[in-house]
S.K.: 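Encoded as C-alpha cells, here's the structure I'll be asking about.
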Protein chains: 2
Amino acid sequence: MHDVQQSEECVPTEGRRERKLREAKAATQRAGLELCLEHGYGAVTVEMIADRAGISPRTFYNYFSSREAALLGDGKPRPDEAMIATFIERDDVSDVEAFAVMMAEAWAKSEPDKALFRLRRRVIDSAPELAAVNIGRIAEDRADYAAIVARRLAARYPDLTDAERELEGTLTVAIAMGAIQAVAKEWMRGDDDQTGPLKALVHDLFPRVRRLTQAAPAS
Amino acid sequence: MHDVQQSEECVPTEGRRERKLREAKAATQRAGLELCLEHGYGAVTVEMIADRAGISPRTFYNYFSSREAALLGDGKPRPDEAMIATFIERDDVSDVEAFAVMMAEAWAKSEPDKALFRLRRRVIDSAPELAAVNIGRIAEDRADYAAIVARRLAARYPDLTDAERELEGTLTVAIAMGAIQAVAKEWMRGDDDQTGPLKALVHDLFPRVRRLTQAAPAS
DNA sequence: GTGCAAACTTGCAGATCGTGTAAAAATGCA
DNA sequence: TGCATTTTTACACGATCTGCAAGTTTGCAC
C-alpha cells in the first residue's frame, strides 16, 4: 500500500509521469510569458500559448485555472510552520519587518525556477493590467497572513483585544506587502542568488518606513 | 453660446439628459449590487443586471467598461490640486498619515451616493474574488499616487535622490493604502457622515503603525 | 408643432474565456 | 502483449466584451 523502491533522491514521489507534467507546465508558462514580451499582454490568447507550447487549448485549462494563473503562477507563497515559528519568536526587528522578511523568503522558496521568475517579473512590469491582477491575487490570501501575524501579536502583546489583534494583523500584512512590492523591482536587478539580496533590501527599507510614519520630521 | 439660465444650483452643466444618464447608471449599479446580495457574486450575469435595470446588455457596456466596473464603480479617487497642495504643505503629521488622510477624503468625495457606497462595501465583504479585483483596480493608480507623494518628499527632503524619492513615494502609498483598507470595514459601521469618522479612524491608527514598525518593542 | 442633427439605445455577429463531457491516445504495469 | 488508469483532445455550451449598423430619443431652431 505504501511507497517502496525510493532509492533515488530525497524528493519522495516523482516518476516519469510527474516530471513530464511539470515540464509541460513550465514550458507552457514560458511560452505564455515570451508571447507577452513579443506581442504585449493584451494580444496574447490562450490559443496562441497552447499552440507554442504544443498542447491543445483544453489541456491548457487542465494545467492552469485561468490565463492569468499560467502567467503569474498558480501557487502562492505560503510559509511553512518552521518559518512561522521563527517569525513569531524573533525579537531583533519590528513586527512588520519580521513578517516582511518571512514573506520574502517564502516567496523566493515558492518559485524554484529563477529564470521563469525573472521572465515573469519583466512581463508584469510591462503590463499594468497584469500587475493589477497579480496584486489582487496576492491580496486574496491577506486574511490568512493576518491570522499568522495575529499569533505573533497575541504572544507579544497579551493585552490586545481580539478586534485590535485582527486590525493590527491586517495592518501589518498591508505594510509588509507594500514594502516588498516597493523593492521588488530593485530586487530583480540582482544577478545572483535572490534570497539574500531581498532580505537585505527589505531590511534597508525599514529606517525609511520609520521616518515616513514619524510625525513632523522636518522643520 | 455660453450657459444662461443657471439660477438653480452650483453645478454648472447638468441638463435633463445628463441627469437621466447619471440616474440610469446609478440604477444599474444598484441593480447589480442587490443581485449580488441575493444570489452571490458568482451567480450574477450581465444579462440579469441589465434586465433588472431595464436596459439592454449592450447598453450596460456603454455605461461600464466591465461587469466589475459596474459593481465597484468606474471612477477612482483622484485628489484635486487644492487637496494636493494641502497635503504637500502640512507638517503636523507624518508623510504617510498626511497622504492617508488626503486619500480618505478624496475617496469619500468621489462617491457622493453614500447608500450605494455602503451597499458596495457589503457586497465586497461578502465576495472575496470581488475584493481581490477591487484591490487590483485601486493598485492600477499607485504610480500616479506615488508621483504626488514624491512632490511632497521633494519639498521636505531635498537631499533625496530621484531613485530614493520614487522608492519612498511607492512605499508611502503602499503603507497608506494598507492602512485605509485596514479600517475600511470599521469605517462603514458608522451611521452618520463618513468623512469625519474616517479621518479620525486613520489618525487613531497611526500610533499602532509606529509601534508595529519599531524594532523590538517588547522585552 | 415640425423637422433636423446629434446623442443614445439596441440587436446582431464575432472573438475570447472557461467548463462539462465523452471519445481517443498515451502510459504504467502485469 | 494486453489491460486498466490517466491524460489529452475535440466538441458543445454559456458568459464576457467589442464593433457595427441599424433604430430610437432628445435638444433645439424655426
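Being a predicted model, the structure only gives us computed values, none of them experimental.
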S.K.: Choosing from dC17(C), dT16(D), dT8(D), which nucleotide comes nearest the side chain of Y61(A)?
M.R.: dC17(C)
S.K.: Where the side chain of V46(A) is defined as all heavy atoms beyond and including C-beta, which of dC17(C), dT8(D), dC17(D) is the nearest nucleotide?
M.R.: dC17(C)
S.K.: Would you mind telling me which of dT16(D), dC17(C), dT8(D) lies closest to the side-chain atoms of R67(B)?
M.R.: dT16(D)
S.K.: Of the nucleotides dT16(D), dC17(C), dT9(D), which one has an atom closest to the side chain of T45(A)?
M.R.: dC17(C)
S.K.: Between atom CG in D51(B) and atom P in dG11(C), what is the gap in whole Å?
M.R.: 11 Å
S.K.: With a cut-off of under 6.0 Å to the ring centre and 45° to the axis, is R152(A) in cation-pi contact with F87(A)?
M.R.: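 Ring-cation test returns yes.
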S.K.: At 4.0 Å (heavy atoms only), tell me whether F64(A) reaches a base, stays on the sugar-phosphate, or touches nothing.
M.R.: nothing
S.K.: When all nucleic acid strands are considered with a 4.0 Å heavy-atom cut-off, which category describes T59(A): base, sugar-phosphate, or nothing?
M.R.: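 The answer is base, as T59(A) lies within the cut-off (heavy atoms under 4.0 Å) of a base atom.
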S.K.: So, is K20(B) close to the dT25(D) phosphate, meaning a side-chain N or O under 4.0 Å from OP1 or OP2?
M.R.: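 For K20(B), the contact criterion (side-chain N or O under 4.0 Å from OP1 or OP2 of dT25(D)) is not met.
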S.K.: Hey, does R58(A) reach any base, or is it just sugar-phosphate, or nothing, if we go heavy atoms under 4.0 Å?
M.R.: base
S.K.: Just do the salt bridge (charged side-chain N to carboxylate O under 4.0 Å, His left out) check on R122(B) and D125(B) with the steps written out, would you?
M.R.: CA-CA 5 Å; R122(B) 281 178 59 200; D125(B) 281 340; over 6 Å; no
S.K.: Without decimals, in angstroms, what is the distance between E47(A) CD and dT9(D) P?
M.R.: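 E47(A) atom CD is separated from dT9(D) atom P by 13 Å.
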S.K.: Take atom CG of N62(A) and atom C1' of dA22(C), then tell me their distance rounded to the nearest Å.
M.R.: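 Computing the N62(A):CG to dA22(C):C1' distance gives 13 Å.
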S.K.: Choosing from dC20(D), dT9(D), dT9(C), which nucleotide comes nearest the side chain of I55(A)?
M.R.: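 So the side chain of I55(A) is nearest to dT9(D).
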S.K.: Looking for any heavy atom pair under 4.0 Å, which part of the strands does Y63(A) touch: base, sugar-phosphate only, or nothing?
M.R.: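 The residue Y63(A) makes sugar-phosphate contact but no base contact.
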S.K.: Between P on dT16(C) and NE2 on H39(A), what's the gap in Å once rounded to a whole number?
M.R.: 13 Å
S.K.: E129(B) has an atom CD; how far is it from atom P of dG18(C), in whole Å?
M.R.: 14 Å
S.K.: Between P on dA7(C) and CZ on R19(B), what's the gap in Å once rounded to a whole number?
M.R.: 20 Å
S.K.: In whole angstrom, give the distance that lies between atom CZ of R22(A) and atom P of dT7(D).
M.R.: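 R22(A) atom CZ is separated from dT7(D) atom P by 15 Å.
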S.K.: Atom CD of E18(A) to atom C1' of dT6(D): distance rounded to whole Å?
M.R.: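 Atom CD in E18(A) sits about 11 Å away from atom C1' in dT6(D).
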S.K.: Does a side-chain N-to-carboxylate-O contact under 4.0 Å join R52(B) and E38(B)?
M.R.: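 Yes.
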S.K.: So, are R151(A) and E81(A) salt-bridged, with charged N and O less than 4.0 Å apart?
M.R.: yes
S.K.: Is the CD atom of E47(A) crowded by more than 12 outside heavy atoms at less than 6.0 Å?
M.R.: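 Result for CD/E47(A): open.
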